[in-house]
Amino acid sequence: MSVSVTTGSPDLSCPESRGRELIRRLEQTQTLSRDEWSELIRGRTPALAEYLFRRAEKVRIAHYGRDIYIRGLIEFTSYCRNDCYYCGIRRSNSRTARYRLTKEEILSCCELGWTLGFRTFVLQGGEDGWFTDERLADIISSIRARWPECAITLSVGERSRASYQMLFDAGADRYLLRHETYDSEHYGKLHPPSLSAACRQQCLWDLKDIGYQVGAGFMVGSPFQTPENLADDMLFLKKLNPHMAGIGPFLPHHDTPFAQEPPGTLELTLYMLGLIRLMLPNVLLPATTALGTAAPDGRERGILAGANVVMPNLSPPSVREKYLLYDNKLHSGSEAAESLNELKARMEAIGYQVTVSRGDSLNR
Ligand code: 5AD
């Protein structure tokens with residue numbers, strides 16, 4: 001039987017106080033070793049998470065105040081050449097309805113978005129060969145000509161460096177490309193052999209080098225993920241130092257190979273959001289649609305854990321349910337751009353305000 005001795009100094013063998021010590025050090029130095037990251041992620045308890053969220057919220061307020069930035073998300077094509085095992089719009093899913101917006105439809109989305117107060121448009125889609133560099137560049141330059149002050153964000157997957165450069169020259173400012181998971185072995189369990197972690201990461205380095213504000217990120221609780229995988233994701237984000245970090249829980253889609261896999265949890269996702277805020281105080285951190293889907297108050301809890309961006313859906317309502325990356329993906333209420341008042345009210349209810357601005361990263 002062990003005997004407890006009161007020494008007056010903190011008991012560092014207790015996971016809770018060790019966790020607090022690591023969180024304090026993370027806040028001071030913005031870095032941890034791989035082993036420490038794994039330990040902190042493994043050692044998560046509800047009380048430790050609450051402690052983390054209080055520190056993360058303080059850091060976020062010190063850097064970005066209580067402003068919440070919004071982005072209008074235009075999901076403009078659900079065609080995709082890739083076959084990622086987790087994704088509902090993967091090539092092999094013959095049961096999903098495919099659509100592609102025309103240039104005029106995309107411009108109408110921006111028009112509506114501008115009127116509503118959006119100053120960033122995110123063009124997101126599957127890797128659709130129809131959208132050649134020329135076609136995309138034409139759409140981008142038309143948006144740029146019509147709304148010179150807006151930010152144009154692309155999220156259209158892996159392309160060549162020359163393609164990224166051409167789209168940048170056409171007027172795109174930012175690019176979102178989640179690295180999904182850093183570890184190449186784990187990457188191989190989520191993707192077909194034609195895709196690799198190394199290629200994915202190279203794209204991010206190219207984008208950054210060209211001058212885009214970049215967003216990387218990963219799924220939380222994806223199949224086969226370990227705390228060490230998440231530790232590697234944190235180390236990669238630290239090294240890349242992206243302007244934005246997009247993370248959300250893995251949620252299964254019924255027509256994918258991962259249909260029966262358990263979803264990632266809201267709690268672990270919130271914890272990772274808080275850790276990212278302490279590691280990268282200046283980063284733009286969205287409370288993602290997947291987080292809002294995982295729980296009715298997921299978005300608010302994301303903000304209270306350190307997030308400061310939300311991306312309501314600006315796609316034409318008729319196509320919204322066709323862009324189904326995972327089951328039950330939200331596309332109405334606060335998730336819909338035209339319900340911005342509801343989103344504003346929900347943010348005000350927790351002490352935050354939605355702002356009309358481009359919401360550039362402080363890292364620029
Ligand atoms: N669950 C959660 N997120 C998903 N994504 C794709 N499929 C799923 C899923 N089943 C995420 C990926 C991708 C982003 C656009 O959506 O991280 O990068």
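The basis for the numbers below is simple: all heavy atoms, side chains too, and nothing from hydrogens, waters or symmetry mates. Start at 1 and go down the list; that is how both ligands and their atoms are numbered.
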Asks: Quick one: which of Thr153, Ile152, Val309, Ile70 gives a side-chain contact (heavy atoms from CB on, under 4.5 Å) with Thr120?
Replies: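 Among Thr153, Ile152, Val309, Ile70, the one meeting side-chain contact (heavy atoms from CB on, under 4.5 Å) with Thr120 is Thr153.
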
Asks: Residues two or more places apart in sequence or in another chain: which of them pass side chain to side chain donor-acceptor pair (under 3.5 Å) with Thr289?
Replies: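 Scan of Thr289 (side chain to side chain donor-acceptor pair (under 3.5 Å), adjacent residues dropped) gives Glu335.
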
Asks: Do you know the tightest heavy-atom contact between Arg299 and Ser334?
Replies: NH1-CB, 3.5 Å

Asks: Would you find a donor on one side and an acceptor on the other, under 3.5 Å apart, between the side chain of Asp67 and the backbone of Thr355?
Replies: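 Judged by distance alone, no pair lies under 3.5 Å.
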
Asks: Please tabulate, line by line, the atom pairs linking an N/O of ligand 1 to a protein N/O at a distance below 3.5 Å, with the distance in Å to 0.1, or answer 'none'.
Replies:
{"residue": "ligand 1", "atom": "1 (N)", "partner": "Leu251", "partner atom": "N", "Å": "2.9"}
{"residue": "ligand 1", "atom": "1 (N)", "partner": "Leu251", "partner atom": "O", "Å": "3.2"}
{"residue": "ligand 1", "atom": "10 (N)", "partner": "Tyr86", "partner atom": "O", "Å": "2.9"}
{"residue": "ligand 1", "atom": "10 (N)", "partner": "Leu251", "partner atom": "O", "Å": "2.7"}
{"residue": "ligand 1", "atom": "17 (O)", "partner": "Arg178", "partner atom": "NH1", "Å": "2.9"}
{"residue": "ligand 1", "atom": "17 (O)", "partner": "Glu180", "partner atom": "OE1", "Å": "2.7"}
{"residue": "ligand 1", "atom": "17 (O)", "partner": "Glu180", "partner atom": "OE2", "Å": "3.3"}
{"residue": "ligand 1", "atom": "18 (O)", "partner": "Glu180", "partner atom": "OE2", "Å": "2.5"}

Asks: Hydrogens and angles aside, do Asn229 and Thr226 bring a side-chain donor and acceptor to less than 3.5 Å of each other?
Replies: yes

Asks: State whether a side-chain donor-acceptor pair under 3.5 Å links Gln225 with Thr181.
Replies: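 Side chains of Gln225 and Thr181: no pair found under 3.5 Å.
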
